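For reference, the structure is listed below as structure tokens.
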2 protein chains.
Amino acid sequence: MAEPGTRERLVDAAIHLLSEGGPDSVQARKLAADVGVSTMAVYTHFGGMGGLVEAVARTGFDRFNTRLAEVPRGTDPVEDLFRLGDAYREYALGSPNLYSVMFGISAPAGHRLAGGDVTSDGPGEHLPEGQEAFGQLETVVSRAMHAGRLRTGDPAAVAGQVWSAIHGYVLLEIAGYFGELGRGMDIVGTPIAINLVIGLGDTGDAARASAQRVWGG
Amino acid sequence: MAEPGTRERLVDAAIHLLSEGGPDSVQARKLAADVGVSTMAVYTHFGGMGGLVEAVARTGFDRFNTRLAEVPRGTDPVEDLFRLGDAYREYALGSPNLYSVMFGISAPAGHRLAGGDVTSDGPGEHLPEGQEAFGQLETVVSRAMHAGRLRTGDPAAVAGQVWSAIHGYVLLEIAGYFGELGRGMDIVGTPIAINLVIGLGDTGDAARASAQRVWGG
DNA sequence: CATTCTTCCATAACGGTGTTATACATGGCC
DNA sequence: GGCCATGTATAACACCGTTATGGAAGAATG
């Protein structure tokens, strides 16, 4: 493999700093010192800290996508959907700061993804890598519809519902609203997965059986 | 009413700046200039920008709680739950930057609520005002259980599921993932509300009827 | 009333941040 | 050799949060 260039080393250092010390420790001077270059490298390669944060989010989504793609697909599409959600949560909780940056939720020193304001369009359309993760959800949802487990409808709309539930749950668990980590999954995470799938057309027995194969209990 | 003191004026100015120019425009110097005092006022009253951000989040939750409390309660607890969710969304979308600060999701110039890192416990336990909003959800959920609309169980656990769904949906809509604002409600927001309630024990007909009274269609 | 103490704020400075202007080094190309 | 493009080091600039210092105003105390 080719020797990593300065650009890649800067992104790696940023991700490392992000996971170690949070968003505030991702600073141009610290990055440059870690990589062994001057702060100018940030500007020749990314045009500024904002561009570097975008690159961080992009590689975060890349790893996220491959992680989701590695989840084995079986014969039960609802079980696959649950496993996908589980991998989603594991990734988000494994690197919560990176996950926050990916969704423009948190950002080093005021360098958000799309403008400084939360409402400026948002990173929704700006990162095609983000759409890819959504596409994986959509595919499994579509399979579940064809298998007769979920009511037939627009897979994108249903995937949006699933995404909302996972995203919200994960963020609240990261923020500590469900007490000690792990406990939230039993009383909120698993139930919301089962209940949403039931509302989407699955039977209670089938949903619980699929969940049991993923989370036990 | 008493003349507002410097402390209240600082918080108001911060909330105003937050909604106008986003988190990055909430700066000690700008706050002081707006109120007509020096930056020292921030330190005598709040100990620093971090304390001011916490005060902002606190008053944000206060307004949030009264807003939710103003939602009229009727005879149909599921309808009430939908109306609560609708008011929740309206508040979050009405002041998305404030909402983000309330949940420690975004913060001016690296001044998060509980430490600089996303994972440092989170603001979950630190803001009792946040628990009050959750309590309002829990009460309505409990009423829906006693009315036979939702399966009997732990109201707090069920409220946690409802909260996850709303929180996730609202954040994704703010981030622009559902296209133009408003459209997301039709294809994702309303369906997830109905489907989650069905999964929690309500019948499809009853859930759709309650939703129809809130959102029409 | 005089004195002291407390509270609050203005001024000015300090350290640290992202950013930028400038100059230099390097390597490919004609 | 001459030339240009690319990437980087240095040093400075503007801005930010923060803090040390001192002063003003009022309450508390004798």
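Predicted, not measured: the structure shown is a model, and the values here were computed from it. Numbers restart at 1 for each chain; the letters A, B, ... are given by sequence-line order, proteins then strands.
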Each nucleotide N or O in nucleotides 23-27 of chain D that has a protein N or O under 3.5 Å away: list the pair and distance.
none

Distances under 3.5 Å between protein N/O atoms and the N/O atoms of nucleotides 24-26 of chain C, please, pair by pair.
none

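Going from atom OH of A:Tyr43 over to atom C1' of C:dA21 covers 13 Å, rounded to whole Å. Following rounding to the nearest Å, B:Asp24 (CG) and D:dG17 (C1') show an atom-to-atom distance of 14 Å. Atom CG of B:Leu17 and atom P of D:dC16 are 12 Å apart (whole Å). Separating the CZ atom of B:Arg7 from the P atom of C:dT7 is a distance of 15 Å, rounded to the nearest angstrom.
Below 30°, between 30° and 60°, or above 60°: for B:Tyr88 and B:Phe64 the angle between ring planes is above 60°, a perpendicular geometry.
Rounded to the nearest 0.5 angstrom, A:Leu81 CG and A:Leu137 CG are separated by 6.5 Å.
You'll find the side chain of A:Phe82 stays beyond 4.5 Å of the side chain of A:Thr190, heavy atoms only. Looking only at side-chain heavy atoms (C-beta outward), B:Gln131 and B:Phe61 stay at 4.5 Å or farther from each other. With contacts defined as side-chain heavy-atom distances shorter than 4.5 Å, the pair B:Val42/B:Met49 qualifies. Looking only at side-chain heavy atoms (C-beta outward), B:Met102 and B:Glu129 stay at 4.5 Å or farther from each other.
The B:Gln27 side chain lies nearest to D:dC16 when the options are C:dT20, D:dC16, D:dT18.
In the helix from C:dC1-D:dG30 to C:dC30-D:dG1, the terminal helix axes, each the rotation mapping four pairs' C1' atoms onto the next four within five end pairs, subtend 10°, rounded to 10°.
Here the two rings, on B:Tyr169 and B:Tyr177, have centers that are 6.0 Å apart or farther.
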Exercise. Mark up nucleotides 7-13 of chain D, 5' to 3', with B wherever a protein heavy atom is under 4.0 angstrom from a base atom, S wherever such an atom reaches only the sugar-phosphate, and - elsewhere.
Key: -BBB-B-

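Near DNA chain C, meaning a heavy atom under 4.0 Å from it, residues 46-53 of chain B has no residue at all.
Sequence neighbours left out, not one pair with a member in residues 16-52 of chain B passes ring pair (Phe, Tyr, Trp, His ring centres under 6.0 Å).
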